[in-house]
Amino acid sequence: MPTGHLIGGAWVSSPTTFATYSPTDWDWKLADISRGDATTADAAVRASLEGFATWSTYSPVERAAVLRRLADLIDHRNDDIAMVETVDMGFRHESMRERLVARGALNFRTYADIIESHEDETWDVKNTRHAVLRMPAGPAVVITPWNAPFMLATWKLAPALAAGNSVLFKPAEWSPLSAALLAELTVEAGFPPGVFNMVQGIGEEVGASLVADERVRRISFTGSPETARHIGKAAAENLVPFTAELGGKGPLMVFADADLDLAARKAAEQYEDSGQVCLAGTRLLIDASVVDEFREAFQRLTEAHVLGDPRNDATSVAPVVHPDHLASIGGFVDRAKSEGDNVVWGGKRREDSLHYELTLIEPASNNSSIVQNEVFGPVLTIQTFADEDEAVALANSTRYGLTALIFTGSRERAERVGRAVRAGIVWVNTFLVRDLQAPFGGAGISGIGREGGRYALEFHSDLKTLIIADDTTI
Ligand code: NAD
């Protein structure tokens, strides 16, 4: 498969490379990938301006046809994409195949439908016709993290392309391969040259060059709050609108009136894929009156997890993406121990694979760093609350605000607590369900702006108000 950059419809290589290894076996080098630099970024931006000049003149129907062709090609290559993603990044093949790659195709179909059915808002006032037009904004930089890279990329690229923008896509250096497959498919789908550009490389190098380029008109970023701060500065310098979907430290709240089996099952699911999921509810907040019953079921389900090779369907917990990330998870747990937190189970890495043992921690205090910071690994904390007010106060006590999970048997409580918790998305008695029309994003340091449905299209468009006097004649 291609290891270079797709620029202006052609594959180009850089003289220097970086290696990508498989988390399934760290001795397995998968590929040497081109390491883009400032010159690569400049060439890609120039190509994207040419692509934009063509693509922005396509009608929504013409754009939708290309997006649908891409969706069909993704479906056709589902298995290949899923396997590449699994060996490169480590997520379970089954969930890639059944869920994430299929959702990648759905992202393009959904935006094809949205742009085809869109009607400009218009109204008549004072002898004029007002119309609000969605104009393509220009080249858009799309930067993605290493977890679930294919699905995340499609979710961000689809609205940018649907809006009529060209894209400059930079995948993460720890999982670069599925981006190459996606780029190949865009050529087959028939995007004009320069509309879909993909550059490989290191964030601080080619990524930083792309976001600093003043010819870019949108930046859509998913990753860590630390990187978002750098990108935000570059965006501010050039006055470029920017969205950031960042880390999370979601509460998973279990009230005494909840279905405790369901709550324990969903809590145990937070360990899947080694907890490398931004949406995960990693802080278990349990009503003190049911904590023993909950813990018994939760422990049983945790023990039933199978840590193993992600290509094997029996595996429920994938390895961690990279040895450096494994070390970072270990660092969080070691710090927790030194701060006096109690490790209930887990608390160490496995010696024969890139797995960290499923870990549960009872923090000494709500201020413990393990409660207040995203670990992005299979590490959950457990705390109890006496009443609803305390539950909400604990839920809202970190700087994050991406997701919250609530388990309750009361509709009134679902509404009340659902409104009171600070989060971009709140799930009650469910998890990971979101219609693609719904907005997605975070409060606090979990993000800026919203993507999803028409919200992402608006972000990628320059709205124009066109006012025509009624007596205008030709
Ligand atoms: P990261 O911030 O280290 O890297 C993300 C991307 O930014 C990578 O492609 C990287 O190369 C690039 N990058 C790094 N420095 C850059 C710079 N100076 N300029 C331009 N680009 C730069 O994040 P990560 O470790 O890849 O991903 C994990 C983080 O992403 C976690 O915090 C996780 O919660 C978050 N995440 C959020 C969501 C969401 O939707 N909210 C989804 C997935 C992951």
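Because the structure is a prediction, the values reported are computed rather than measured. Whatever order the structure lists them in is the order used to number ligands and atoms, beginning at 1.
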Specify the protein heavy atom at minimum distance from atom 31 (C) of ligand 1: its residue, its atom name, and the distance to 0.1 Å.
-> Glu374 OE1, 3.4 Å
Here the atoms of ligand 1 under 4.0 Å from any heavy atom belonging to Leu402 are 41 (N)
Find all atoms of ligand 1 within a distance of less than 4.0 Å from any non-hydrogen atom belonging to Leu152, and give their numbers and elements.
-> 42 (C), 43 (C)
Salt bridge check: are Arg92 and Asp309 linked by an N-O gap of less than 4.0 Å?
-> no
Below 4.0 angstrom, N of the basic side chain to O of the carboxylate: do Glu237 and Lys233 qualify?
-> no
Which of these, Val375, Val321, Ile143, has its nearest heavy atom closest to atom 12 (C) of ligand 1?
-> Ile143
Would you kindly specify which portion of Glu226 sits under 4.0 Å from ligand 1, judged on non-hydrogen atoms: side chain, backbone, both or neither?
-> neither
Basic-acidic side-chain contact under 4.0 Å: Arg134, Asp462 | no
closest protein heavy atom to atom 28 (C) of ligand 1 is Phe376 CE2, 3.7 Å
Residues Asp80, Arg97: salt bridge by 4.0 Å N-O rule | no
Which of the ligand 1 atoms, numbered from 1, are nearer than 4.0 Å to a heavy atom of Phe440 = 40 (O)
Just need the protein heavy atom nearest to atom 27 (O) of ligand 1, so name the residue and atom and give the distance.
-> Pro145 CB, 3.2 Å
Any idea which of Thr227, Val206, Ile231, Ile219 brings a heavy atom closest to atom 16 (C) of ligand 1?
-> Thr227
At a 4.0 Å cut-off, with the gap strictly under it, does some heavy atom of Pro171 reach an atom of ligand 1?
-> yes
Would you call Glu458 and Arg454 a salt bridge, taking side-chain N to carboxylate O under 4.0 Å as the test?
-> yes
Atoms in ligand 1 with a heavy atom of Gly207 nearer than 4.0 Å | 19 (N), 20 (C), 21 (N)
Under-4.0 Å salt bridge between Lys348 and Asp334 | no
Relative to atom 37 (C) of ligand 1, which among Val211, Leu246, Thr144 owns the nearest non-hydrogen atom?
-> Leu246
I would like to know whether Trp155 and Phe108 meet ring-ring contact (aromatic ring centres under 6.0 Å, His included); could you show each step before the answer?
-> CA-CA 8 Å; Trp155 141 2; Phe108 289 106; over 10 Å; no
Tell me which part of Trp174 gets within contact of ligand 1: side chain, backbone, both or neither, using heavy atoms under 4.0 Å.
-> neither
Identity and distance of the protein heavy atom lying nearest atom 42 (C) of ligand 1 = Cys278 SG, 3.0 Å
Looking only at protein heavy atoms, identify the closest one to atom 23 (O) of ligand 1 and say how far it is in Å.
-> Ser224 N, 3.5 Å
Among Val142, Ile445, Leu210, Asn147, which residue places a heavy atom closest to atom 43 (C) of ligand 1?
-> Asn147
Hey, does Trp146 come in under 3.5 Å of ligand 1, counting only N/O atoms on both sides?
-> yes
Can an N or O of Lys170 be found at a distance shorter than 3.5 Å from an N or O of ligand 1?
-> yes
Counting heavy atoms only, which of Gly203, Ala179, Ala208, Gly223 is nearest atom 29 (C) of ligand 1?
-> Gly223
Out of Met151, His230, His325, Glu173, whose heavy atom is nearest to atom 11 (O) of ligand 1?
-> Glu173
Cationic N near anionic O, under 4.0 Å, Lys170 to Glu173 | yes
Could Glu50 and Arg46 be called an ion pair, given the rule that one side-chain N must be under 4.0 Å from one carboxylate O?
-> no
Are the charged groups of Arg349 and Glu357 less than 4.0 angstrom apart, N to O?
-> no
Pair Trp146 + Phe376: ring centers closer than 6.0 Å = yes
Examine distances only and state if a side-chain atom of Ser14 and a backbone atom of Thr16 form a donor-acceptor pair shorter than 3.5 Å.
-> no
